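Every value quoted in this text rests on a predicted model; they were computed, and no experiment measured them. Counting starts at 1 for both ligands and their atoms, in listed order.
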Amino acid sequence: MVDLNGQYKGIKETVNNSIQEVLETSAYINGPYVKDFQSALESYLEVKHVIPCANGTDALQIAMMGLGLKQGDEVITADFTFAATVEVIALLKLTPVLVDVEPDTFNIDPKAIEKAITPKTKAIVPVHLFGQAANMDAILEIAEKYNLYVIEDNAQGIGATYTFKNGEKKKTGNLGHIASTSFFPSKNLGCYGDGGAIFTNNDDLAHTIRGIVNHGMYKRYHHDVVGVNSRLDSIQAAVLLAKLPYLDTYNKARRDAAKKYNNAFAGIENIITPVIHKTCSEICDACNCHVFHQYTLKVKGINRDALVQHLNTKGIPCGVYYPIPLHSQKAYVDDRYDEANFPVTNQLVKEVISLPMHTELDDEQIDFITQTVIDFCNS
Ligand SMILES: *Cc1c(COP(=O)(O)O)cnc(C)c1O
């Protein structure tokens, strides 16, 4: 699904030198590379504060802790996403409220959000799923109307741009009150282990969070709030600082691969290629509206699981993200949920399939993959 080794070979010397430097200075924790990466990412995203932490799941949890959400507060998020999003809501004893998504973009449905709001609702967590921003115009409008926080889960969307209705453009992760991301190796900006970060433009919130990630300390050995230990290692920061200048090129390589997939599948009636919403009807570098963390198709009239099996027998990796709606997962089932409210997710889990997507895909690989899928459809 990914080719981390191929990508590493292209930047081997830079990355090796950076890691070597950390080893020479032994500044393993909170060394200068962490600060340098933080500043570089702040400039890239044009966001005021980046607070690095240990992984993307921590980043979400810490964002919710920083906002001071309390037991019983309701947090609305998408039914069709990776479990980390709902997991931290539940861990903090907040009440997760899962809602349905849009059938074309796979992102949280603003109409479903508004329907789920109660007096206890405190926050919305849109996930920029597979690398495309959720409908932030509508989400921010709802948040303002009901006085809710917007926490963007940008683990899959780093480097993507969102174009507002009024034409204004901003990077995802800089659209709501606070955002989280992950530097897990396979993410669009991945390190060589675990890593994550929180973004915000709010000075007070940033200050609160810098304490939370460090055991609730604002002054050495004075613990003002209950915190956690969540740090980005210096070695990972060094890797990320070396890779950040390549992020746009990497995301373009993903878009180029997606375009080739789309072209190959044009006119195949069993295959529905990813939909780009809003400003562009096609994949375009100028608006950079999709960074294809995953290239996810929907299939119609063929058996998805049989296609998965067929690809596996041909040695083509593929994935089903995600095979089970979160509201049906054992850990998150709840009597409050009504199946009738999840028609889209319940359908998507049967239809989606993600093909290999990374920065090193060549034409020959794409031809082989697409031809194998098409042959299956025609068989
Ligand atoms: C990867 C991911 C996370 C979690 O990131 P980790 O660094 O693995 O903890 C959270 N949300 C989404 C949508 C993700 O894809």
Side-chain angles (χ1 to χ4, degrees), residues 1-2 4 37 41 50-65 75-92 94 96 98-99 101-102 105-108 123-134 136 139 150-160 172-173 175-176 178-199 213 228-233 235-237 239-240 243 251 254 290-296 319-326 329 331-332 345 348-349 352 354 357-358:
M1 286 298 278
V2 294
L4 297 176
F37 171 63
L41 191 56
V50 166
I51 301 114
C53 67
N55 58 67
T57 310
D58 274 11
L60 269 171
Q61 177 180 331
I62 293 159
M64 289 177 202
M65 291 168 78
V75 179
I76 298 175
T77 194
D79 191 34
F80 189 67
T81 178
F82 182 55
T85 326
V86 66
E87 177 178 71
V88 298
I89 299 172
L91 263 178
L92 291 173
L94 312 173
L98 296 166
V99 302
V101 297
E102 298 172 330
T105 65
F106 313 119
N107 275 321
I108 194 164
I124 307 167
V125 187
V127 181
H128 304 312
L129 202 72
F130 304 148
Q132 176 167 228
M136 293 303 287
I139 292 167
V150 174
I151 306 164
E152 298 173 73
D153 181 345
N154 198 29
Q156 301 187 3
I158 197 149
T172 56
L175 306 170
I178 191 163
S180 63
T181 201
S182 163
F183 305 121
F184 186 79
S186 64
K187 301 285 155 102
N188 290 37
L189 179 61
C191 57
Y192 298 160
D194 274 308
I198 302 137
F199 319 140
V213 297
V228 294
N229 168 23
S230 189
R231 292 183 284 242
L232 180 68
D233 291 342
I235 289 181
Q236 301 306 340
V239 170
L240 290 165
K243 287 183 74 177
N251 281 341
R254 288 171 177 272
H290 201 319
V291 293
F292 289 95
H293 174 61
Q294 298 293 350
Y295 180 83
T296 303
V320 173
Y321 312 115
Y322 297 91
I324 303 170
L326 287 177
Q329 295 280 4
Y332 304 111
T345 303
L348 287 178
V349 295
V352 289
S354 302
M357 174 49 79
H358 53 82

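At under 3.5 Å, a nitrogen or oxygen of G56, whether backbone or side chain, sits near a nitrogen or oxygen of ligand 1. The shortest N or O to N or O distance between D153 and ligand 1 is below 3.5 Å.
Nearest to atom 2 (C) of ligand 1 by heavy atom, out of K187, Q156, H293, is K187.
The distance from ligand 1 to the heavy atoms of N55 drops below 4.0 Å at these ligand atoms: 7 (O), 9 (O). Proximity to S182 (heavy-atom distance under 4.0 Å) selects the following atoms of ligand 1: 5 (O), 6 (P), 7 (O). Interface atoms of ligand 1 facing V127, defined by a heavy-atom separation under 4.0 Å, are 13 (C). Close contacts of ligand 1 with F82, meaning ligand atoms under 4.0 Å from a residue heavy atom, involve 2 (C), 3 (C), 14 (C).
H293 meets the ring pair (Phe, Tyr, Trp, His ring centres under 6.0 Å) test with no other residue; sequence neighbours excluded.
For atom 9 (O) of ligand 1, the nearest non-hydrogen atom of the protein is T57 OG1, 2.5 Å.
Remark: the N154 side chain and the T172 side chain contain an N/O donor-acceptor pair separated by less than 3.5 Å. With no hydrogens or angles considered, no side-chain donor-acceptor pair links T77 and T85 at under 3.5 Å. Between the side chains of H128 and Q156, no donor-acceptor pair is found at a separation under 3.5 Å.
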Q: Please test I151 against V125 for side chain to side chain contact (heavy atoms under 4.5 Å, CB included), starting from the C-alpha separation and ending with a verdict.
A: CA-CA 5 Å; I151 306 164; V125 187; 4.2 Å; yes

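Note on ring orientation: taking the six-membered ring where Trp is involved, the planes of F80 and F106 are tilted (angle from 30° to 60°).
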